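Data first, discussion second: the structure below is written as structure tokens.
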Amino acid sequence: MSGFVEKPEPLQVPGLVHLHTGKVRELYQNEAGDLVMVASDRISAFDWVLPTEIPDKGSILTQLSLWWFDQLADLVPNHVLSTELPAGAPADWAGRTLVCKSLQMVPVEAVARGYLTGSGLTEYNESRTVCGLALPEGLTDGSELPAPIFTPATKAAVGEHDENVSYEEVARQVGADTAARLRQATLAVYARGRDIARDRGIILADTKFEFGFDGDTLVIGDEVLTPDSSRFWPVDQWEPGRAQPSYDKQFVRDWLTSAESGWDRKSEQPPPPLPQEVVDRTRAKYVEAYERLTGTSWS
């Protein structure tokens with residue numbers, strides 16, 4: 001059992017129809033048929049959306065995505081139409097709201113990996129493969145791969161795991177042409193992000209994207225290259241053979257699995273609220289990632 005510890009009641013806004021509550025985002029549709037995405041400060045771990053929020057997190061994810069969309073504009077178009085607040089929207093939506101094209105979404109998590117960790121490491125230790133792709137012997141947690149790889153996953157509902165699948169399975173589900181375009185776009189965007197991040201002292205270990213079609217045009221949607229969708233590691237602390245320090249919610253995961261939390265991950269009980277220290281340290285990591293990547297201070 002997992003999902004929301006306390007599922008929020010979506011705000012009703014005149015002129016907007018609420019469509020979906022995700023782990024982080026509320027999705028609405030305006031009268032023109034465009035999508036309105038509002039990034040909350042919610043945080044998830046171990047397939048649970050926690051009862052404690054991280055202040056500014058939704059705004060950081062939104063503003064960082066907008067910065068990245070600008071860096072990637074020559075590679076792939078994005079779904080953003082406007083950052084203006086819809087009429088009647090509450091003032092605290094400012095900075096965390098995007099008005100976007102409604103796309104025909106591809107039901108695949110487009111994942112690129114340049115380093116071995118997470119579910120990829122688990123599969124590698126069992127079979128020396130990741131999503132069916134053979135990898136050389138001798139790799140360990142945090143090892144850089146010989147070349148970045150496309151390792152797609154099926155999209156799961158809130159509270160469920162995405163499941164890694166082979167490229168061949170993606171081609172079977174969405175067609176060979178779409179699968180090829182997904183792989184090309186995913187690896188191109190990853191390579192651009194990796195190079196920009198490294199210049200700023202950050203390793204982009206892996207990341208996931210969501211793509212959709214606007215007519216025949218493949219468009220990148222949702223968020224892009226944020227601490228929620230990517231593993232960012234500090235270059236100067238990278239050391240293969242162990243878990244790497246990261247710019248994400250690792251403080252949250254570590255506390256939840258500690259004796260201090262009193263929570264048994266294997267039980268069906270929801271996680272407890274986070275202590276203020278964990279909230280503050282997690283927020284600081286999101287802010288640091290934003291500032292190092294963009295070169296601007298968060299205010």
Side-chain angles (χ1 to χ4, degrees), residues 1-31 34-66 79-80 82-100 102 105 109 155-162 208 210 221-224 226-229 248-253 255-256 261-263 265 267-287 290:
M1 177 181 172
S2 52
F4 287 90
V5 174
E6 299 171 5
K7 189 165 184 177
E9 188 68 30
L11 188 66
Q12 301 302 315
V13 178
L16 300 181
V17 176
H18 183 262
L19 300 178
H20 178 68
T21 295
K23 289 181 180 179
V24 172
R25 288 167 182 79
E26 299 290 347
L27 188 63
Y28 296 81
Q29 188 171 47
N30 65 19
E31 292 172 344
D34 304 319
L35 298 181
V36 178
M37 289 174 39
V38 186
S40 74
D41 292 336
R42 296 192 291 267
I43 193 164
S44 64
F46 305 119
D47 297 319
W48 283 99
V49 181
L50 305 181
T52 311
E53 296 189 338
I54 307 299
D56 292 328
K57 176 175 172 285
S59 298
I60 292 169
L61 297 182
T62 301
Q63 298 305 311
L64 185 56
S65 289
L66 286 168
H79 65 161
V80 178
S82 171
T83 58
E84 293 185 13
L85 280 186
D92 62 4
W93 280 17
R96 59 177 71 239
T97 301
L98 300 177
V99 181
C100 304
S102 182
M105 299 304 294
E109 292 279 6
K155 289 171 62 65
V158 173
E160 297 180 7
H161 280 298
D162 293 341
K208 63 181 180 181
E210 294 195 27
D222 198 46
E223 63 183 328
V224 63
T226 72
D228 268 18
S229 64
D248 61 8
K249 47 195 173 188
Q250 195 59 46
F251 289 126
V252 172
R253 298 188 191 99
W255 184 80
L256 286 173
S261 77
W263 181 58
R265 182 182 171 186
S267 75
E268 294 189 354
Q269 296 301 309
L274 301 175
Q276 190 62 44
E277 179 190 4
V278 173
V279 171
D280 293 343
R281 294 177 74 186
T282 301
R283 179 187 180 277
K285 278 297 177 186
Y286 278 81
V287 169
Y290 174 88

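Predicted model, so just to flag it, every value in this text is computed and none were measured.
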Checklist entry - Short question: side chain of K249, backbone of S44 - any donor-acceptor pair under 3.5 Å? => result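 Looks like yes, one N/O pair under 3.5 Å.
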Rounded to the nearest 0.5 Å, how far apart are [atom1] of [X] and [atom2] of [Y]?
X	Y	atom1	atom2	result
Y286	I43	OH	CD1	4.0 Å
T21	F4	OG1	CZ	6.0 Å
C100	D34	SG	CG	8.5 Å
K285	I60	NZ	CD1	13.0 Å
L35	L27	CG	CG	5.0 Å
K57	T62	NZ	OG1	9.5 Å

If you define the side chain from C-beta out and look only at heavy atoms, does anything of [X] sit under 4.5 Å from [Y]?
X	Y	value
P227	L61	yes
Y28	V38	yes
W255	T282	no
V80	L66	yes
R265	L256	no

Under the side-chain contact (heavy atoms from CB on, under 4.5 Å) test, residues paired with [X] that sit two or more places apart:
X	value
P51	V5, E6, P273
S229	T207, K208, E223, T226
Q276	V279, D280
E210	M105, E109, K155, D222

Enumerate donor-acceptor pairs with a distance under 3.5 Å from any side-chain N or O in residues 86-99 to protein atoms, sequence neighbours excluded.
residue : atom : partner : partner atom : Å
R96     : NE   : D92     : O            : 3.2
R96     : NH1  : A39     : O            : 2.7
R96     : NH1  : D41     : OD1          : 3.0
R96     : NH2  : D41     : OD1          : 3.3
R96     : NH2  : D41     : OD2          : 3.4
R96     : NH2  : S59     : OG           : 3.4
T97     : OG1  : W93     : O            : 2.8

Checklist entry - Which word best sums up how the rings of W263 and F46 line up, parallel for under 30°, tilted for 30 to 60°, or perpendicular for over 60°? => result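 Ring orientation of W263 relative to F46: tilted.
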Might you point out which heavy atoms bring [X] and [Y] nearest each other, and give the distance in Å?
X	Y	value
W48	E268	CZ2-O, 4.2 Å
R42	K23	NE-O, 3.0 Å
E26	P10	OE1-CB, 4.0 Å

Item to check | Worked check of side chain to side chain contact (heavy atoms under 4.5 Å, CB included) between R281 and I54 | outcome: CA-CA 10 Å; R281 294 177 74 186; I54 307 299; over 6 Å; no
Checklist entry - With sequence neighbours left out, what residues match R253 under side-chain hydrogen bond (donor to acceptor under 3.5 Å, both in side chains)? => result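 By the side-chain hydrogen bond (donor to acceptor under 3.5 Å, both in side chains) rule, R253 matches Q250.
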